[in-house]
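In this chain, numbering begins with 1 at the start of the sequence shown. Quick caveat: nothing in here was measured; it's all calculated off a predicted structure. Ligands are counted one by one from 1 in listed order, and the atoms in each one are counted from 1 as well. Only this structure's heavy atoms are used, side chains among them; waters, hydrogens and symmetry mates stay out.
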Amino acid sequence: MEYVIYEAKDMVGVITINREKALNALNSQVLDELNEAFDAVDLNTVRCVVLTGAGDKSFVAGADIGEMSTLTKAEGEAFGKKGNDLFLKIEKFPIPVIAAINGFALGGGCEISMSCDIRLASDNAVFGQPEVGLGITPGFGGTQRLARIVGIGMAKQMIYTARNIKADEALRIGLVNAVYPQAELMEQALKMAQTIAGNAPIAVRNCKKAINEGLQVSIDEGAVIEEKLFGDCFESYDQKEGMANFLRKKDDPAKVKHVAFKNA
Ligand code: DAK
């Protein structure tokens, strides 16, 4: 792959968008390669993915304006579908995806981060949906996900004004979970990914599914989704061993040990 790097180590996968000269802007090739990279994640061994951008200036500066500038209506729709399909794939990816946002996250960059489960930002990160200034709408889920994350009023303000916000404001409105000095961002993202990877994988996957699917339906239907995914954890090695470990600890604190969950 020319613009995307995928590496996996210690149950954590790292996908890096590597088109630094164009501030990691998303053209069709980047979208295709990201799709390939997510397909390459071995779900038997990897339990959490970190998505980031190459360099220290930009996570993703949006969809590629050069490529979009000459699109016909039909091509625009096809480009939008390519992006939306990928972003939905990330959102529904069976294991958690953490966005490590190391600079500009504009337009499609803000949108791809919002399809991730958790957003961690560097202190130089800048977020925004500048599309209305370019004569288009946020087309990779921005009109849908931003309001779900930060609330309707703040989402409308960001989208209608096309004003960028800095990392501290993104933290204040709940767009990101945490802000770190640039030099610490990846270390912190990997640390969180390792913590997630150390928990029972079937349970973590089921939590992601329950939260995502529950948000689309009424609370009554959400409760049914939750019950099924809760039940699904039982009879697994991980559930039996996780609970047995707790009971052993109660009997004798000296028996406290880390459970090596097996994803089984
Ligand atoms: N596309 C293509 N190239 C980009 C780019 C982008 N979005 N952003 C930056 N670059 C390129 C620049 O052209 C420049 O390339 P060279 O001239 O060196 O060849 C290089 O990256 C460095 O950028 P600058 O020289 O501009 O760097 P500065 O530090 O001066 O400025 C900046 C950084 C991030 C403030 C500035 O580059 C900028 O404003 N970039 C554009 C940000 C932006 O407006 N992003 C949103 C794009 S719109 C849809 C599907 C998708 C979308 C919407 C609808 N459907 C089909 C419905 C999504 C839309 C978007 O994402």
### Query
Taking only residues two or more places apart in sequence or in another chain, which ones pass side-chain contact (heavy atoms from CB on, under 4.5 Å) with Arg163?
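side-chain contact (heavy atoms from CB on, under 4.5 Å) check on Arg163 returns Gln157, Thr161, Ile165, Glu169.
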
### Query
What residue pairs, at least two apart or across chains, pass ring pair (Phe, Tyr, Trp, His ring centres under 6.0 Å) with a residue in residues 32-51?
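Every ring pair (Phe, Tyr, Trp, His ring centres under 6.0 Å) pair that includes a residue of residues 32-51, provided the two are not neighbours, is Phe38-Phe93.
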
### Query
With no hydrogens and no angle check, do the side chains of Ser122 and Asn124 hold a donor and an acceptor under 3.5 Å apart?
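Ser122 vs Asn124: donor-acceptor pair found between side chains.
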
### Task
State, without any angle test, whether Asn35 and Lys89 hold a side-chain donor-acceptor pair at a distance under 3.5 Å.
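There is such a pair between these side chains.
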
#### Entry: Residues Arg145 and Glu91 bridged, charged N to O under 4.0 Å
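Looking at Glu91 together with Arg145, the answer is yes, because their closest N to O distance falls below 4.0 Å.
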
### Task
Would you check ligand 1 and list the protein residues that come within less than 4.0 Å of it by any heavy atom, ordered by chain and number?
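For ligand 1, the residues that come within the 4.0 Å heavy-atom cutoff are Lys21, Ala22, Leu23, Ala25, Lys57, Ala61, Gly62, Ala63, Asp64, Ile65, Met68, Gly76, Gly80, Phe104, Leu106, Gly107, Gly108, Pro130, Glu131, Leu134, Ile136, Thr137, Gly139, Phe140.
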
Show me the donor-acceptor pairs within less than 3.5 Å that the side chains of residues 225-233 make with the rest of the protein, sequence neighbours left out.
residue	atom	partner	partner atom	Å
Asp232	OD2	Asn206	ND2	2.9

